[in-house]
Amino acid sequence: MKNLADSFGVAACGLVTSILTAIAVVAVAKITGFSIFTLSIWLIVPAGAILTGFAAASGYYFGSLYFHKKAGVILLLQMVVIAGVTQLLIYYMEYSTFVLEDGRRVSDLLPFSRYIDISLTEAHYSVGRGMRDTGKVGSFGYALAIIQFIGFLIGGLGVFGFLMSKPVCQKCNMYFRPLSKRAKVFTDAESGAQYYDDLFKHPTDGPEFLAMISSDVKSEAKKGSLSIETTLYGCPKCKSQLIEDEVTIHNGEEWKEVKELNRRVVIPDGVNLTNAFRK
């Protein structure tokens with residue numbers, strides 16, 4: 001019963017942010033004359049739809065974390081359905097709020113299906129640096145609508161990917177919560193690699209491990225510097241803990257992630273590293 005209630009809770013969160021996103025898109029278009037949803041790069045890259053999809057799906061992200069529902073096939077199907085509903089909602093809200101200069105409402109003159117046909121086929125787009133008008137796009141407008149739907153899905157899949165990457169307690173099937181974070185910046189990759197390799201050679205409740213994890217290493221960021229950002233997570237139910245290391249190296253201009261060195265290590269039951277992280 002609780003599992004069903006949690007699923008409805010996540011779906012409700014996703015539905016709320018989808019409706020709010022649709023309202024915001026239409027409101028901005030009415031006020032400024034600029035449609036965020038149809039914004040595209042060279043007509044075929046639906047940048048606005050991707051951004052809109054990401055915003056609309058944010059409710060699933062926060063709802064899943066709050067109710068501890070792991071990302072799975074059911075959630076993915078929900079996001080696909082809601083994506084289609086949200087796109088139709090944007091069209092319908094534009095239709096229902098469209099008022100002609102003489103005060104007549106478009107909804108009193110045309111059925112919704114006819115309005116969709118006109119709005120898609122009569123639409124104009126601007127392309128290129130000079131913002132050249134394409135003229136009426138005609139039947140290609142339907143293809144653009146499909147592209148925008150795909151863009152909306154891509155935005156939602158980005159949120160889905162974030163959820164998939166979140167650490168989960170395998171015993172309780174709940175998302176770990178971040179408890180604390182420490183960052184160490186080493187002068188060079190060699191010294192950083194030595195710390196990285198040696199840390200888990202020691203028992204996690206031993207003095208050597210605790211001294212290393214609580215130490216402050218704050219070298220100047222320069223080319224070749226290695227940064228290890230360590231996050232301590234805790235399960236809200238069984239209180240077990242997990243350490244996540246994210247490794248980046250400085251190329252002289254910016255930090256670049258070294259994904260193959262990122263790691264997650266589950267801490268043995270009964271070991272609490274909270275104090276070590278907060279020293």
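Remember, predicted model here, so these are calculated numbers, not experimental data.
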Worksheet item: Got a sec, which residues hit salt bridge (Lys or Arg N to Asp or Glu O under 4.0 Å) with Lys181, two or more places apart in sequence or on another chain?
Response: Glu229
Discussion item. Whether Asp216 and Arg182 form a salt bridge (side-chain N of Lys/Arg under 4.0 Å from carboxylate O of Asp/Glu) is what I want to check.
Written reply: yes
Worksheet item: Tracing side-chain links under 4.5 Å among I, L, V, M, F, W and Y, which residues wind up in one group with Leu179?
Response: Phe186, Tyr195, Tyr196, Leu199, Phe200, Phe209, Leu210, Met212, Ile213, Val217, Leu226, Ile228, Leu232, Ile243, Val247, Ile249, Val258, Leu261, Val265, Ile267, Val271, Leu273, Phe277
Worksheet entry | Which residues share a side chain to side chain contact (heavy atoms under 4.5 Å, CB included) with Ala83, sequence neighbours left out | Phe149, Phe152, Leu153
Discussion item. Using 30° and 60° as the class boundaries, would you call the ring planes of Tyr92 and Tyr95 parallel, tilted or perpendicular?
Written reply: tilted
Worksheet item: Regarding Asp245 and Thr230, is there a side-chain donor-to-acceptor distance under 3.5 Å anywhere?
Response: yes
Worksheet item: Which other residues end up in the same hydrophobic cluster as Phe176, if Ile, Leu, Val, Met, Phe, Trp and Tyr are linked when side-chain heavy atoms come under 4.5 Å apart?
Response: Tyr233, Leu242, Val266
Worksheet item: Within a radius of less than 6.0 Å around CD of Glu254, do more than 12 heavy atoms belonging to other residues, nucleotides or ligands occur?
Response: yes
Practice prompt. Write down the atom of Ile147, the atom of Pro46, and the distance for their closest heavy-atom approach.
Written response: O-CG, 3.5 Å
Worksheet item: Is it true that atom CG of Asn275 has more than 12 heavy atoms of other residues, nucleotides or ligands lying nearer than 6.0 Å?
Response: no
Item to complete: Quick one: list whatever passes side chain to side chain contact (heavy atoms under 4.5 Å, CB included) with Thr32, sequence neighbours left out.
Response: Val28, Phe34
Worksheet item: Asn173 versus His68: any side-chain heavy-atom pair under 4.5 Å?
Response: no
Worksheet item: So, do Tyr175 and Pro236 sit near enough that their side-chain heavy atoms are less than 4.5 Å apart?
Response: no
Discussion item. Around atom CD of Glu257, are there more than 12 heavy atoms from other residues, nucleotides or ligands closer than 6.0 Å?
Written reply: yes
Discussion item. Around atom CZ of Arg114, are there more than 12 heavy atoms from other residues, nucleotides or ligands closer than 6.0 Å?
Written reply: no
Discussion item. I want to check something: taking the side chain as every heavy atom from C-beta on, are Ile154 and Phe54 in contact at a cut-off of under 4.5 Å?
Written reply: no
Worksheet item: Are Phe62 and Val16 grouped together when hydrophobic residues (ILVMFWY) are joined by side-chain heavy atoms under 4.5 angstrom apart?
Response: no
Worksheet item: Is it the case that more than 12 heavy atoms not belonging to Lys30 sit under 6.0 Å from its NZ atom?
Response: yes
Discussion item. Through direct or indirect side-chain contacts below 4.5 angstrom among Ile, Leu, Val, Met, Phe, Trp and Tyr, which residues connect to Ile74?
Written reply: none
Worksheet item: Are more than 12 heavy atoms from other residues, nucleotides or ligands located less than 6.0 Å from atom CD of Glu253?
Response: no
Discussion item. With a 4.5 Å cut-off on side-chain heavy atoms, are Lys222 and Thr187 touching?
Written reply: yes
Worksheet item: Is Met79 linked to Val81 within one hydrophobic cluster, defined over Ile, Leu, Val, Met, Phe, Trp and Tyr using a side-chain heavy-atom separation of less than 4.5 Å?
Response: no
Practice prompt. Identify whether Tyr60 and Ile19 are in the same connected component of the hydrophobic contact network (ILVMFWY, side-chain heavy atoms under 4.5 Å).
Written response: yes
Worksheet entry | 4.5 Å side-chain heavy-atom contact, Lys166 and Leu65 | yes
Worksheet item: Val10 versus Tyr66: any side-chain heavy-atom pair under 4.5 Å?
Response: no
